[in-house]
Amino acid sequence: MSLRGKVAIVTGASRGIGRQIAIQLAQAGARVVVNYSASGGEAEDVVQAIIEAGGEAVAVQADISKMSELEKLFAEVDSRFGRLDILINNAGVMTCEAVAEVTEDSFDRQFAINVKGTYFACQQAMKRMAEGGTIINFSTSVTGAMLPTYSVYAATKGAVEQMTRQLAKEFGPRDITINCIAPGQVATDLFLTGKSDELVDSFRRMNAFGRLGEPEDIANAIELLTSDKARWITGQTLRVNGGFN
Ligand SMILES: NC(=O)c1ccc[n+]([C@@H]2O[C@H](COP(=O)([O-])OP(=O)(O)OC[C@H]3O[C@@H](n4cnc5c(N)ncnc54)[C@H](OP(=O)(O)O)[C@@H]3O)[C@@H](O)[C@H]2O)c1
């Protein structure tokens, strides 16, 4: 129970990787805020699973791409728990499109959620996070590859990696670490939706183990970076991808 007494926000924790992170942080003793934008029923299921396992969690709705909703999320955490120690900026969206097909709406939506949402959540953390805190942003291992249809999504995550590097020097004086996790292909809705079995198989063969990542593979890395042993690691991007690139 290494995180006992700590309060963690996991954005986009109703499904996929965020769900598993919320469950594992709660198992480690943290009180967890399960953020979601649309999947309220699934977020409540995550909270229920945590409580049944003896943990503490609450679901809070907020579309992280909207400043007013982000402020409401952090204010609610303040009033409920009175502290914030861990922020996992996991919420994200991906639309795979060839350059000729990309629309202004899809470009703006991906930047609004992946970049703007992550940035202003970091700003909220700067105002409220306790000393000794931890922020983990989400990139993708695709930033280290060259793949058709990923140009906009990879650009948003490249921006997240860069903001993480620059922000490390602003958070350091407050004794807050900020890093990026860059997963490879993980078997969630985000990766699987719209892909043929053949395409999924080809991604499976691109890493060293010949399987897709599971949410637990990523949540385990989050546990490493939130441990006291990781206090000298900041401004870095950790590729958690089974050797994809
Ligand atoms: N899966 C992969 O292969 C992979 C690889 C590399 C990086 N990643 C990154 O890992 C993170 C998690 O991905 P995932 O695969 O777990 O995706 P997922 O299964 O699609 O889940 C996405 C989560 O984000 C939430 N979300 C989406 N838009 C939101 C918004 N505006 N405000 C608040 N929450 C929002 C969703 O909740 P609602 O349903 O309530 O909107 C959901 O809980 C993302 O940042 C993604 O880019 C994933």
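Atoms within a ligand are numbered from 1 in the order they appear, just like the ligands themselves. Position 1 is the first residue of the sequence; numbering continues from there. Side chains are part of it too, since the values below use all heavy atoms of this structure and drop only hydrogens, waters and symmetry mates.
Counting the atoms of ligand 1 from 1 in the order shown, those under 4.0 Å from a heavy atom of Thr140 are 6 (C), 7 (C). For ligand 1, the atoms sitting less than 4.0 Å from at least one non-hydrogen atom of Tyr36 are 40 (O), numbered in the order shown with element in parentheses. Atoms of ligand 1 lying under 4.0 Å from at least one heavy atom of Phe138, given by number and element, are 9 (C), 10 (O), 11 (C), 45 (O). Of all the atoms in ligand 1, the ones that sit under 4.0 Å from a non-hydrogen atom of Ser39 are 38 (P), 39 (O), 40 (O). Per-residue contacts place Ala62 under 4.0 angstrom from the following atoms of ligand 1 (heavy atoms of the residue considered): 32 (N), 33 (C). Counting atoms of ligand 1 from 1 in the listed order, those under 4.0 Å from a heavy atom of Tyr153 are 6 (C), 7 (C), 8 (N), 9 (C), 46 (C), 47 (O). For ligand 1, the atoms sitting less than 4.0 Å from at least one non-hydrogen atom of Asp63 are 30 (C), 31 (N), 32 (N), numbered in the order shown with element in parentheses.
Using a 4.0 Å cut-off between heavy atoms, Lys157 contacts ligand 1 through its side chain alone, with no backbone atom that close. With a 4.0 Å heavy-atom cut-off, ligand 1 is reached by the side chain of Ile113 but not by its N, CA, C or O. Contacts between Ser139 and ligand 1 below 4.0 angstrom, taking non-hydrogen atoms only, involve the backbone exclusively.
Protein heavy atom in closest approach to atom 2 (C) of ligand 1: Val186 N, 3.6 Å. Atom 32 (N) of ligand 1 has Ile64 N, 3.0 Å as its closest protein atom, hydrogens excluded (heavy atom only). Scanning the protein heavy atoms around atom 25 (C) of ligand 1, the nearest turns out to be Gly12 CA, 3.4 Å. Ala91 CB, 3.6 Å is the protein heavy atom nearest to atom 34 (N) of ligand 1. Closest to atom 29 (C) of ligand 1 among all protein heavy atoms lies Ser37 OG, 3.5 Å. At the top of the distance list for atom 43 (O) of ligand 1, counting protein heavy atoms only, stands Ser14 OG, 2.7 Å. The nearest protein atom to atom 16 (O) of ligand 1, hydrogens excluded, is given as Ile17 N, 2.8 Å; this is a heavy-atom distance. Protein heavy atom nearest atom 5 (C) of ligand 1, with residue, atom name and distance: Gly184 O, 3.1 Å.
A donor-acceptor pair under 3.5 Å links the side-chain atoms of Ser141 to the main chain of Pro183, judged by distance alone. Using a distance-only test at 3.5 Å, with no hydrogens or angles considered, a donor-acceptor pair links the side chain of Asn179 to the main chain of Ile233. No donor-acceptor pair closer than 3.5 Å links the side chain of Lys6 to the backbone N or O of Ala30. Put simply, the side chain of Asn114 never gets that close to the backbone of Thr118: no donor and acceptor are under 3.5 Å apart. Of the possible donor and acceptor atoms, none in the side chain of Asp217 sits under 3.5 Å from a partner among the backbone N and O of Val240. Between the Thr11 side chain and the Asn90 main chain, a donor and an acceptor come within less than 3.5 Å of each other. Although no hydrogens or angles enter the test, the distance criterion places a donor-acceptor pair under 3.5 Å between the side chain of Gln61 and the main chain of Ser37.
The two residues Glu214 and Ala187 come nearest to each other via the heavy atoms OE2-CB, 4.2 Å.
The nearest non-hydrogen atom to atom 22 (C) of ligand 1, considering only Gly18, Gly16, Ala13, Gly92, comes from Gly92. Remark: among candidates Asn90, Asn241, Leu190, the nearest residue to atom 45 (O) of ligand 1 is Asn90, based on non-hydrogen atoms. By heavy-atom distance, the residue among Arg15, Gln110, Arg19, Arg239 lying nearest atom 21 (O) of ligand 1 is Arg15. Here the shortest heavy-atom distance to atom 14 (P) of ligand 1, taken over Thr156, Thr188, Thr143, belongs to Thr188.
Heavy-atom separations between Ala112 and ligand 1 are all 4.0 Å or longer. Residue contacts with ligand 1: Gln185 is included, with a non-hydrogen atom under 4.0 Å away. For the ligand labelled ligand 1, residue Asn35 lies inside the 4.0 Å heavy-atom shell.
Residues Ile23 and Ile222 share a hydrophobic cluster, clusters being chains of Ile/Leu/Val/Met/Phe/Trp/Tyr side chains in contact below 4.5 Å.
Residues in residues 41-57 take part in no side chain to side chain donor-acceptor pair (under 3.5 Å) pair, two or more places apart or across chains.
In terms of polar-atom proximity, Pro183 is not counted as a contact of ligand 1, lacking any N or O under 3.5 Å from an N or O of the ligand.
Here the CZ atom belonging to Phe191 is positioned 5.0 Å from the CG atom belonging to Leu212, to the nearest 0.5 angstrom. Between atom CG of residue Leu192 and atom CD of residue Gln185 there is a gap of 10.5 Å, rounded to the nearest 0.5 Å. For the atom pair NZ of Lys66 and CD1 of Ile113, the computed distance is 8.5 Å after rounding to the nearest 0.5 Å.
Remark: Ala121 engages Leu70, Phe74, Leu87, Asn89 in a side-chain contact (heavy atoms from CB on, under 4.5 Å) (not counting sequence neighbours).
Taking the six-membered ring where tryptophan is involved, the planes of Phe203 and Phe244 are tilted, since the angle between them lies from 30° to 60°.
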